[in-house]
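Quick notes on the structure that follows.
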Amino acid sequence: MNPLLSAEQAVLGSVLLDPGQLAHLDWLAPDHFYRPIHQALFAALRKLRTEKHSAVATGERVPLSWVTDAVAEASHHVRGLTAVYPHILISACPRPEHAPMYGRMVLEGAIHRSVTAHAIRLHQAARADALQGEVKGALHHADVLAGVLEDLARRWGSEPRPVAPATPPPTAPVAPPPVRADQVAEDEQFLLAVLVEQPKAMDEVVGWLRPDDFADPAHGQLYRCLGALHHRGEPIDRITVLWEAQRRGLLADGTLTAEQLTAICDGVGAGSAEWLGEQIMRSSVARTAAASARAIRALAENETLAPGRLISHALHALGPLDNVRARWQTANGHPTPAPPAPPTEGPPTAQVHAALARSTARPAARPSECPGSASTSSAARPPSRTHG
């Protein structure tokens with residue numbers, strides 16, 4: 001039996017048995033359900049509650065019209081709903097007063113699905129931007145994903161803050177699109193040749209371009225050598241660069257060869273370092289966005305990961321992209337926007353408490369058998385529980 005399907009059925013069964021449970025499920029939305037028929041039914045039940053259905057107004061024994069009217073309303077939006085199905089839902093609910101817990105399980109499944117879907121969209125946008133040499137699509141979908149994570153954190157009742165996972169999620173390496181790979185390598189080689197030929201051009205890019213922005217690790221290491229020479233105020237030419245590469249062990253470990261250095265340093269050195277650096281940054285943004293999307297998707301597809309940890313780890317996975325974005329904005333003359341002020345709200349709302357409610361264990365003995373246990377039992381019950 002699928003636990004998520006059972007939870008969805010139990011939530012609906014709880015509300016069909018006890019319409020008052022809807023008051024404890026305001027944080028749960030119809031689109032949090034996986035099955036369309038469950039989405040339609042939950043939306044119908046909420047609508048009946050908003051319209052002050054007699055079953056909600058009286059608070060007494062639930063009339064049959066509560067079930068039939070819900071089926072009639074839901075049937076306007078979904079096909080295949082029969083009059084028998086609500087009875088299946090009712091029989092699938094062990095205890096109506098546990099509706100907040102069942103809803104919490106539904107929300108947990110929705111969080112994993114939502115994060116997965118948005119991670120896929122981010123990865124697709126990053127791949128498209130890499131092919132086109134753009135960054136807008138990836139950055140837009142990254143903002144959407146960040147907003148979704150913050151919204152889900154509020155619904156779940158946790159603080160949306162990035163936390164690194166103890167073990168990084170396994171991700172399959174994905175090579176850059178072949179259509180742009182040659183162009184990116186050419187831009188990187190051209191930039192390095194310009195910087196060797198025009199050492200003062202380092203001032204144009206050193207503030208925002210990093211070795212990790214290079215798609216080719218060898219090019220990134222060579223740029224690191226140039227940065228070290230520039231930082232120490234030493235002369236930059238093909239001999240000093242070769243010497244710095246040797247001192248760093250890049251020739252000994254095979255990262256670079258003397259032939260590669262000669263080919264780059266003897267290349268055409270006339271060009272705009274700033275423009276070339278921006279092209280490399282475009283590639284870096286798209287590549288980093290794709291890597292973040294793959295990491296987040298791997299997290300979301302891990303069913304054993306609790307929603308709070310999933311959200312925190314996903315926000316952490318967006319960190320490298322935020323760093324690259326900030327440097328990309330600096331390269332384009334756009335100041336990095338100030339981070340939003342932290343919320344000044346008080347303790348979690350009643351809805352959040354309901355979302356985090358858990359089932360209460362049955363007392364060891366009945367109140368009549370154990371003096372004084374009645375007050376303890378009442379205190380242990382969730383606030384949402386009613387007594388008839």
Side-chain angles (χ1 to χ4, degrees), residues 1-11 25 27-35 38-39 42 98-127 138 141-174 287-324 343 348-349 351-359 382:
M1 181 179 294
N2 187 326
L4 180 58
L5 174 60
S6 298
E8 291 191 0
Q9 291 179 331
V11 170
L25 298 170
W27 41 267
L28 193 64
D31 58 2
H32 290 152
F33 290 78
Y34 179 69
R35 286 197 168 185
H38 294 166
Q39 297 176 2
F42 191 70
H98 290 171
M101 179 58 185
Y102 304 146
R104 181 177 178 272
M105 296 165 63
V106 172
L107 179 58
E108 180 172 340
I111 289 175
H112 279 263
R113 290 196 309 274
S114 180
V115 175
T116 299
H118 284 282
I120 291 174
R121 294 185 190 125
L122 174 58
H123 187 262
Q124 292 172 339
R127 297 280 290 178
H141 283 279
D143 289 337
V144 171
L145 176 54
V148 167
L149 292 172
E150 292 178 0
D151 176 69
L152 292 174
R154 285 192 295 269
R155 289 181 179 273
W156 186 251
S158 62
E159 182 182 355
R161 58 188 182 90
V163 177
T167 302
T171 56
V174 178
R287 192 169 59 254
T288 305
S292 295
R294 293 195 301 272
I296 293 172
R297 182 176 180 181
L299 290 166
E301 291 178 346
N302 181 3
E303 295 181 351
T304 65
L305 196 60
R309 292 172 56 196
L310 167 59
I311 294 169
S312 296
H313 295 344
L315 288 171
H316 179 268
L318 284 175
L321 179 57
D322 293 337
N323 181 277
V324 175
T349 61
Q351 288 83 0
V352 172
H353 281 305
L356 297 179
R358 298 185 181 273
S359 301

ask   = Can you tell me how far the CZ atom of R104 sits from the CG atom of L25, to the nearest 0.5 Å?
value = 13.5 Å
Which residues share a side-chain hydrogen bond (donor to acceptor under 3.5 Å, both in side chains) with N302, sequence neighbours left out = T304
remark   = Smallest heavy-atom separation, A314 atom then L149 atom, equals CB-CD1, 3.8 Å
query = What are the two closest non-hydrogen atoms of V148 and S114, and how far apart are they?
reply = CG1-OG, 3.6 Å
key: Shortest non-hydrogen contact from A290 toward H123   = O-CD2, 3.6 Å
ask   = Can you find a pair of side-chain heavy atoms, one from R287 and one from V324, that are under 4.5 Å apart?
value = no
key: Backbone N/O of A29 and side chain of H32: donor-acceptor pair under 3.5 Å   = yes
remark   = H112 and A300 have their tightest heavy-atom pair at ND1-O, 2.8 Å
request  = Determine whether W156 and E108 make a side-chain contact, defined as any pair of heavy atoms from C-beta on separated by less than 4.5 Å.
outcome  = yes
key: Beyond-backbone contact of L318 with P162, side-chain heavy atoms, under 4.5 angstrom   = no
request  = Indicate yes or no: at least one non-hydrogen side-chain atom of F33 is less than 4.5 angstrom from one of L28.
outcome  = yes
key: Intermediate values then yes/no, side-chain contact (heavy atoms from CB on, under 4.5 Å), L310 and L152   = CA-CA 10 Å; L310 167 59; L152 292 174; over 6 Å; no
query = Hey, what do you get for CZ (R35) to CD (Q9), rounding to the nearest 0.5 Å?
reply = 7.0 Å
request  = Please name all residues satisfying salt bridge (charged side-chain N to carboxylate O under 4.0 Å, His left out) with R297, sequence neighbours left out, ordered by chain then number.
outcome  = E301
key: Check against side-chain contact (heavy atoms from CB on, under 4.5 Å), L305 and L299   = CA-CA 7 Å; L305 196 60; L299 290 166; 4.0 Å; yes
Nearest non-hydrogen partners of I296 and A119, listed with the distance = CG2-CB, 3.9 Å
inquiry  = Keeping E150 on the side-chain end and P160 on the backbone end, is there a donor-acceptor pair under 3.5 Å?
reply    = no
key: Stepwise side-chain contact (heavy atoms from CB on, under 4.5 Å) test for R113 and L4   = CA-CA 12 Å; R113 290 196 309 274; L4 180 58; 3.3 Å; yes
key: Verdict with reasoning, L145 to L321, per side-chain contact (heavy atoms from CB on, under 4.5 Å)   = CA-CA 12 Å; L145 176 54; L321 179 57; over 6 Å; no
message = Would you compute the distance between atom CD1 of I311 and atom CG of L315 and round it to the nearest 0.5 angstrom?
response = 7.5 Å
note = Scanning both residues in full, the closest heavy-atom pair of A126 with A138 reads CA-CB, 4.0 Å
